[in-house]
Amino acid sequence: MADIDDDDFIQWIQCDAPGCGKWFDAIELDPPLDPNTASQYEIWHCEHCIPYHGPSQHRRRRDGLRKRKRINFVKLNDPGMILENENGQQIGVATNDIQDVDFGSLIRQRKHRGVFKAGHEGCLAKFAKGEKFNAAYASKHGFSRPALFANKTPSQLGLRVPSSGVNGVPFTYANVAKLVGPFRTIQVIDTATQLTTEYTLQEWVDYLETPAKERTRTLNVITLEFSQTPLGRLVTEPHFARSVDFVNLHWPKTLKDVGVSTLSSDKMEGSPLSAEEIVDQLAELKKEQPRVTKYCLMSAAGSFTDFHVDFGGTAVWYHVYFGSKIFFFIEPTPKNLKIYSKWATSASGTKTKKYDFLPDLILSSGGDVYEVALQKGQTLFIPSGWIHAVYTPDDSLVFGGNFVHRHSLEIQLTIYRLERRMKVGKDFRFPNYQKLMWYAARDFLGECTTLLQQREANGHDLIDEQNTQDQREVQTILCATYSHHILKGYKALAKELERWSTSKEKRTIEQHPENMNVVAVSSELGNMMKLCITYLDEKQRKTR
């Protein structure tokens, strides 16, 4: 890039990466570039090219300028180097008060004592012969227990993963780096301390390609989301996850989704938007869309992910591409969640307090911990809210993802509230969770309205929601269409939406969708679900 004078600065900058060459409005970049900052680059790469071609390169500094020390982060096996800052100060394992915990030893000791129950002893879902795991199954039976598919191929579950080998060459960690970008920054977890730090994907591959006996630390990657990379085109989520996922079903993606009301009355929508406003809003929604459905997990043998609940109470799909995994499950009963919450927010594992192994606390209170092993090629679905930990016996590569759905709304909202009470950081919560729930509520009201309109199309009078007889019609129609657990879930959602609609918190108000009357949506959903649950409760009492 040539020197740029203020008078000649036209505010456009071109990406220098081979094969790109796209121009960008410098003022719109984050951070924005001005003539001074733009002229400091010898080579400039856009955010899409950085993972594949590396960061932008500054012009060489003039002699006399103080040079900042560069740390060699390739020395991945040395925890002191891993957690060293630019001033050469060790900020991680070497100087903090976190204990090293031998999780492998803890697990072996408990297994020897018979602490863990087998998954088939009350943990895993059971299916009748020929029964399929799909949206219809979840509507009928719910989705409240982990579902393991040990003998089904990915294609039988509607799951697509990279072929295991092209011309005899297997798909490896190196392929992941090539497709996602060798310069992509990723979060790496040190198993013994559960501390995280950042590396490039190529540095991570170099670590995994180091013989196991030469590794001095056991490291783990579990948060690499790849849906917007070339690897994303090689992986398709299982059919069940796609068919119930709220982001897939309800997040606005078209002009119609944003600009056209599908609700029972105009009061649900705010002021009409112009065509230009709708296009702008759709572009903003595309940026805000939660992207949590495709993760690549790469773990060294001996890795352990400590007990946790997936963000927002999301459900999980999990396919072992190669290697093996052992899950330890704890059912999300109110009692167990209370123990988990206290454990997760304690100082356990510091030099001032010995590490507490959660299964010991659960068992001492009368609860159970289940063990479920996964081998290469097997797929697991984890329902919302289940507390779990994962041990890795062998180097492994896993594809998985998270999804919110209508079959476990009560527990999902319980976990969401629990996260708020535990003050879980924004970076570790489901992105734009509240906004997604508003769109899900709006669309469910649209479904209900369509059902009631079909009744009117068959020659019946318009429904008057104040009329007792018409209320009974609403109850009969909706309760015949939706399962009890679905209606109870939407009732819980309506209660949560009511709180959000009247909140004065800035972070909550910012999640209110534009052009939606949130008070009206929460009120109508609440009234409709109250009618349905009252009807179902009455029906249940009569059958006793």
Side-chain angles (χ1 to χ4, degrees), residues 15-22 43 45-56 73-74 76 153-155 157-189 196-210 219-239 241-242 245 247-248 286-287 289-300 303 316-323 325 376-377 379 392 394-403 431:
C15 178
D16 296 315
C20 183
K22 292 181 181 177
I43 296 174
H45 291 160
C46 68
E47 62 176 0
H48 303 293
C49 291
I50 287 174
Y52 300 94
H53 300 283
S56 302
F73 285 104
V74 178
L76 297 174
T153 64
S155 61
L157 297 170
L159 167 65
R160 184 165 68 98
V161 294
S163 56
S164 57
V166 179
N167 298 325
V169 180
F171 187 88
T172 66
Y173 302 121
N175 296 108
V176 174
K178 182 178 180 180
L179 292 166
V180 178
F183 294 95
R184 168 88 172 254
T185 300
I186 58 173
Q187 293 290 321
V188 175
I189 302 174
T196 62
T197 189
E198 291 185 345
Y199 303 102
T200 67
L201 194 45
Q202 185 57 56
E203 288 171 338
W204 173 241
V205 172
D206 292 342
Y207 163 80
L208 287 174
E209 291 180 347
T210 301
L219 307 177
N220 194 11
V221 166
I222 61 174
T223 58
L224 176 59
E225 209 284 332
F226 62 87
S227 62
Q228 302 303 295
T229 73
L231 179 58
R233 295 193 289 271
L234 300 181
V235 176
T236 303
E237 313 93 296
H239 180 264
R242 282 179 281 131
D245 177 24
V247 176
N248 188 41
K286 186 175 182 180
K287 293 179 184 178
Q289 179 177 331
R291 302 192 187 281
V292 298
T293 58
K294 295 181 181 180
Y295 284 96
C296 181
L297 297 83
M298 296 172 282
S299 309
S303 294
V316 176
W317 67 271
Y318 196 96
H319 176 79
V320 179
Y321 188 78
F322 65 70
K325 294 283 184 175
K376 175 182 176 180
T379 305
T392 307
D394 313 293
D395 284 3
S396 68
L397 174 64
V398 168
F399 294 110
N402 298 69
F403 55 101

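- The line from CZ of R233 to CZ of R160 is 10.5 Å long, rounded to the nearest 0.5 Å.
- For the pairing with F322, the ring pair (Phe, Tyr, Trp, His ring centres under 6.0 Å) check across F399, F171, Y173 returns one residue only, Y173.
- Using a 4.5 Å heavy-atom threshold, the side chains of L231 and P162 count as touching.
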- Message: Using the rule given for side chain to side chain contact (heavy atoms under 4.5 Å, CB included), can you reason through L179 versus T229, listing the C-alpha separation, both sets of side-chain angles and the distance that settles it, and then say yes or no?
- Response: CA-CA 7 Å; L179 292 166; T229 73; 5.6 Å; no
- Message: Set out, in order, the CA-CA distance, both residues' side-chain angles and the distance that settles side chain to side chain contact (heavy atoms under 4.5 Å, CB included) for V188 and Y207, then state yes or no.
- Response: CA-CA 11 Å; V188 175; Y207 163 80; over 6 Å; no
- Task: Please step through side chain to side chain donor-acceptor pair (under 3.5 Å) for the pair S56 and H45, ending with a clear verdict.
- Result: CA-CA 5 Å; S56 302; H45 291 160; 5.2 Å; no
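- When every heavy atom of T200 is checked against every heavy atom of P182, the shortest pair comes out as CB-O, 3.5 Å.
- Here the shortest heavy-atom pairing between G377 and H319 reads O-CE1, 3.4 Å.
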- Message: Does R242 form a side chain to side chain contact (heavy atoms under 4.5 Å, CB included) with T236? I'd like the steps, not just the answer.
- Response: CA-CA 9 Å; R242 282 179 281 131; T236 303; 3.5 Å; yes
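- Note that the CD1 atom of I189 and the OG1 atom of T223 stand 6.5 Å from one another [nearest 0.5 Å].
- Between Y199 and V221 the shortest side-chain heavy-atom distance does not fall below 4.5 Å.
- Looking at every heavy atom in both residues, P230 comes nearest to Y52 through CD-OH, 2.9 Å.
- To the nearest 0.5 Å, atom CZ of residue R184 and atom CH2 of residue W204 are 15.0 Å apart.
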- Query: After noting the C-alpha distance and the side-chain angles of E237 and F403, does the key distance pass the side chain to side chain contact (heavy atoms under 4.5 Å, CB included) rule?
  - Reply: CA-CA 10 Å; E237 313 93 296; F403 55 101; over 6 Å; no
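- Between L219 and S303, every side-chain heavy-atom pair lies at or beyond the 4.5 Å cut-off.
- One distance of note links CD of Q187 with CG of L224; it measures 11.0 Å at 0.5 Å rounding.
- Within the model, atoms CG of N402 and CZ of R291 stand 15.0 Å from one another, a figure rounded to the nearest 0.5 Å.
- For the atom pair W317 CH2 and L159 CG, the distance stands at 5.0 Å (nearest 0.5 Å).
- Taking all atoms of both residues into account, the shortest heavy-atom contact from K325 to S299 is NZ-OG, 2.9 Å.
- With I186 as the fixed residue, the side chain to side chain contact (heavy atoms under 4.5 Å, CB included) test singles out one of V180, L201, I222: L201.
- Among all heavy-atom pairs drawn from P154 and V161, the shortest one is CG-CG2, 4.5 Å.
- The shortest non-hydrogen separation linking L397 to M298 is CD1-CG, 3.5 Å.
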